[in-house]
Amino acid sequence: MNGSTMNVEQALQARRSVRAFLPTPLPAILVQNLLQQAARAASGGNVQPWRVVALTGEPLAQVIATAAQAEGEDGGHYPASLWEPYRTRRFANGEDMYATMGLAREDKAGRLAWFARNAAFFGAPVGVLICMDRRMGLPQWADLGVYLQSLMLLAVEQGLASCPQGFWRRYRSALAPVLGLPEPYEIACGVALGHEDTAAPINRLRTPRAPWQEWGELRGWPV
Ligand SMILES: Cc1cc2nc3c(=O)[nH]c(=O)nc-3n(C[C@H](O)[C@H](O)[C@H](O)COP(=O)(O)O)c2cc1C
């Protein structure tokens with residue numbers, strides 16, 4: 001579907017995490033427009049806690065090379081030993097992902113090699129690093145989520161694909177000097193951005209959602 005004929009609901013339905021990209025470069029003006037428009041996102045107190053760096057070419061290669069050499073820290077991606085129903089959802093997501101590529105559970109090397117593609121922004125021509133002052137708290141993390149989703153939906157409208165990557169938090173110490181981030185800032189999340197490689201098996205993955213009854217309810221309406 002052409003972006004110009006797309007409404008918000010269609011963009012929301014079309015967005016998904018894409019994990020293989022074509023090398024086709026993206027013009028600076030296009031990337032800046034996306035990043036700037038996404039800042040229409042709501043944030044508590046209009047604090048707008050994001051600080052965003054988009055990389056392509058040499059600076060992108062430098063980030064990828066740094067991550068390849070650095071030892072990753074704990075990303076703090078999930079609470080320790082996740083509980084139900086979240087544990088099962090996360091497990092199923094991993095299994096679905098590997099199944100899409102035909103990687104068996106025993107194929108540890110294959111799975112690891114695939115995971116390492118995170119560190120190459122999955123071959124995307126643009127890597128975005130969304131950073132935040134580490135003194136910020138949970139409400140500002142929520143603000144970043146609003147920014148992130150806005151950015152990803154705007155990308156869909158432009159016919160572009162994305163993958164949000166908490167992965168990059170593993171390299172927040174190693175990358176802060178490379179990115180020249182002022183001291184209290186650190187990477188909160190990465191986003192791979194570019195044109196989808198529609199031939200890549202991984203991009204066949206379609207993720208389910210938990211049924212409404214599991215997490216939502218309406219109160220006060222006649223039944
Ligand atoms: C904050 C955040 C961090 C994520 N980090 C990663 C990541 O590091 N690597 C990855 O492959 N996917 C990552 N994802 C993508 C999720 O796995 C994906 O959103 C989820 O499985 C639902 O699939 P969908 O985005 O295709 O709808 C992340 C998503 C979010 C929102």
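Residues Val178 and Ala174 share a closest heavy-atom pair of CG2-O, 3.7 Å. The two atoms that bring Met132 and Pro49 nearest to each other are CG-O, 3.6 Å, heavy atoms only. Nearest heavy-atom pair, Gly123 versus Arg117, reported as atom, atom and distance to 0.1 Å: N-NH2, 3.6 Å. The heavy-atom pair separating Phe21 from Pro125 by the smallest distance is CB-CD, 4.4 Å. Taking all atoms of both residues into account, the shortest heavy-atom contact from Leu144 to Ala188 is CD1-CB, 3.3 Å. Across every non-hydrogen atom of Gly75 and Arg169, the tightest pair is O-NE, 3.5 Å.
Of the residues Tyr98, Phe122, Phe167, the one that meets the ring-ring contact (aromatic ring centres under 6.0 Å, His included) test with Phe115 is Phe167.
Atom CD1 of residue Ile130 and atom CG of residue Leu151 lie 6.0 Å apart, to the nearest 0.5 angstrom. One distance of note links CZ of Phe121 with OG1 of Thr56; it measures 10.5 Å at 0.5 Å rounding. Once rounded to the nearest 0.5 Å, the distance linking CD1 of Ile29 with CD of Gln36 reads 8.0 Å. Taken from CE in Met101 to CZ in Arg204, the straight-line distance is 11.0 Å, to the nearest 0.5 Å.
Thr88 and Glu84 share a donor-acceptor pair across their side chains, judged by distance under 3.5 Å alone.
Between the side chain of Asn203 and the main chain of Arg19, a donor-acceptor pair closer than 3.5 Å is present. A donor-acceptor pair under 3.5 Å links the side-chain atoms of Arg111 to the main chain of Ala104, judged by distance alone. Side-chain atoms of Asp143 come within 3.5 Å of backbone atoms of Gly44 as a donor-acceptor pair (strictly under, hydrogens ignored). Remark: the backbone N or O of Gly137 is paired with a side-chain donor or acceptor of Gln140 at under 3.5 angstrom.
One finds no salt bridge joining Glu95 and Arg90 here, because no Lys/Arg side-chain nitrogen approaches an Asp/Glu carboxylate oxygen to under 4.0 Å. Salt bridge present: Glu217 and Arg219 bring a charged side-chain N and a carboxylate O closer than 4.0 Å. Salt-bridge check for Arg170 with Glu73: failed, with every basic side-chain N at 4.0 Å or more from each acidic carboxylate O.
For the pair Trp114 and Leu103, the minimum side-chain heavy-atom distance is below 4.5 Å. In this structure, Leu55 and Val126 have side chains that are not in contact, with every pair of non-hydrogen atoms separated by 4.5 Å or more. Contact annotation: the side chain of Leu181 approaches that of Cys131 to within less than 4.5 Å [non-hydrogen atoms, C-beta and beyond].
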Review item, side-chain donor-acceptor pairs of residues 190-201, under 3.5 Å, at least two apart:
residue	atom	partner	partner atom	Å
Glu196	OE1	Arg16	NH2	2.9
Glu196	OE2	Arg16	NH2	3.2
Asp197	OD1	Ala199	N	3.0

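Residues passing the salt bridge (Lys or Arg N to Asp or Glu O under 4.0 Å) test with Glu71, sequence neighbours excluded: none.
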Report the C-alpha distance between Arg15 and Glu157 in whole Å, list the side-chain angles of each, state the deciding distance to 0.1 Å, and finish with yes or no for salt bridge (charged side-chain N to carboxylate O under 4.0 Å, His left out). CA-CA 9 Å; Arg15 188 216 58 82; Glu157 189 185 28; over 6 Å; no
